[in-house]
Amino acid sequence: MKFNKNICLGIESTAHTFGIGIIDFNGNVYSNINNIFIPESGGLHPYQVREQHLNNFMRVINQALLEARCSINDIDLITFSQSPGLGPVLKIGALVARMMSQINKIPIVGVNHCVAHVEIGRLMCKINDPLTLYVSGGNTIVSAFESNRYQIFGETLDLPIGNLIDSFARLVGLAHPGGPKIENLAHQSEKYIPLPYIVKGMDLSFSGLFTAARRLVKSKDYKKKYDLKDIAFSLQETAFAMLTEVTERALAHTDKSEVLLTGGVAANKRLQEMIRYISQEHDARFEVVPLKFAGDNGVMIAWTGILKYKEEGGNDVSDTYVKPKERMDEISIPWRS
Ligand code: ATP
Ligand code: FE2
């Protein structure tokens with residue numbers, strides 16, 4: 001294919017996904033290929049993930065180029081997830097990006113992964129200035145744009161929501177990812193068992209909820225007075241009501257007229273229903289990011305890199321080191337000022 005527009009290749013490598021997205025500077029997507037590490041048991045071990053990404057990155061890149069029907073010579077910009085995430089895993093994406101950039105003399109741009117989740121939502125849902133609920137295995141953030149930044153209005157103080165659900169699923173012997181399986185079980189029950197509901201100011205705490213759910217599974221009443229589907233239902237209802245409360249308060253405070261739901265947990269129909277309800281109550285338009293762009297992917301990294309590049313040009317090579325702890329509210333967003 002001959003391109004008459006500038007083309008960007010984006011590399012996602014913050015956690016379990018090594019993703020490559022190829023898009024043009026107008027936001028047309030040519031490929032979106034992900035290789036996802038799935039642990040055989042337990043959680044994500046950064047060094048195991050790193051090995052998988054190291055062993056697969058070239059295959060994913062070649063597949064993405066093939067699908068986009070282009071070669072590295074057609075690429076005008078390389079972008080990569082520079083923050084936040086697991087240090088050893090972030091470094092693989094950064095290394096691959098720096099190599100491709102230096103060998104082929106292509107400008108390079110580092111991107112904050114959380115900002116990318118919002119930007120791809122704005123692009124795909126044709127939405128301008130949303131309040132965003134970003135819920136995934138590694139993050140739980142309520143954010144909106146104010147004073148040149150994506151400010152964080154609420155966040156988890158301990159476990160991210162996806163991690164809570166996955167950990168509970170693992171405890172009861174369900175394979176990773178637990179989210180869809182817990183949703184399916186929850187759908188089969190309406191029996192609510194009270195669980196700790198912990199909202200502190202605008203922040204959330206899920207660790208007590210996990211402990212209480214585990215206690216229910218270990219109790220002598222388990223499979224007598226209630227069963228797994230009742231716990232799944234109660235866990236979802238409690239955790240999602242907490243998320244909904246904080247999102248609604250942020251919506252009332254910021255007075256935004258759009259609400260965006262993103263991250264892997266955005267796939268959950270019950271959560272969508274609750275956030276849609278409060279959006280309607282506040283006359284706000286509600287959008288869920290299309291699921292192939294809601295979870296981690298290279299396209300969101302490509303698109304956010306393009307926005308940044310158009311304003312500021314490429315990163316200096318000395319500014320391509322990874323920042324595992326960088327928060328989305330620490331960086332200014334020049335393309336929205
Ligand atoms: P991040 O790096 O942004 O924290 P991540 O590495 O967790 O993201 P994602 O693909 O965004 O990756 O999200 C994966 C999470 O989404 C997992 O915790 C998974 O269980 C959860 N999930 C997927 N589908 C559902 C669902 N239907 N209901 C609830 N959770 C879901
Ligand atoms: Fe993510």
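Everything numeric in this text was worked out from a predicted model, so none of it was measured. The first residue in the sequence is number 1, and the count goes up from there.
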For a quick check under 3.5 Å, do [X] and [Y] share a side-chain donor-acceptor pair by atom type?
{"X": "N34", "Y": "T17", "answer": "no"}
{"X": "E258", "Y": "N128", "answer": "no"}
{"X": "N268", "Y": "Q236", "answer": "yes"}
{"X": "D255", "Y": "H282", "answer": "no"}
{"X": "N112", "Y": "E326", "answer": "yes"}
{"X": "Y150", "Y": "E119", "answer": "yes"}
{"X": "Y321", "Y": "Q82", "answer": "no"}
{"X": "D296", "Y": "H117", "answer": "yes"}
{"X": "S189", "Y": "Y226", "answer": "no"}
{"X": "T320", "Y": "N315", "answer": "no"}

According to the interplanar angle, ranging from 0 to 90°, do the rings of H16 and H176 count as parallel (below 30°), tilted (30 to 60°) or perpendicular (above 60°)?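 The arrangement is perpendicular - the two ring planes meet at more than 60°.
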Is the NZ or CZ atom of R336 both under 6.0 Å from the centre of the six-membered ring of F145 and within 45° of that ring's axis?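 Yes, cation above the ring, under 6.0 Å and within 45°.
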Taking it one step at a time, do R270 and E237 satisfy salt bridge (Lys or Arg N to Asp or Glu O under 4.0 Å)? CA-CA 8 Å; R270 178 61 177 143; E237 289 300 300; 2.7 Å; yes
Who pairs with K256 by side-chain contact (heavy atoms from CB on, under 4.5 Å), at least two apart in sequence or on another chain?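 With sequence neighbours excluded, K256 shows a side-chain contact (heavy atoms from CB on, under 4.5 Å) to D129, L131, A144, L251, T254, given in chain and number order.
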With sequence neighbours excluded, what pairs up with D329 under the side-chain contact (heavy atoms from CB on, under 4.5 Å) test?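 Per chain and number, D329 pairs via side-chain contact (heavy atoms from CB on, under 4.5 Å) with Q151, I152, R327.
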Check whether N56 reaches the backbone of H53 with its side chain - one donor and one acceptor, N or O, closer than 3.5 Å.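 No; zero donor-acceptor contacts below 3.5 Å.
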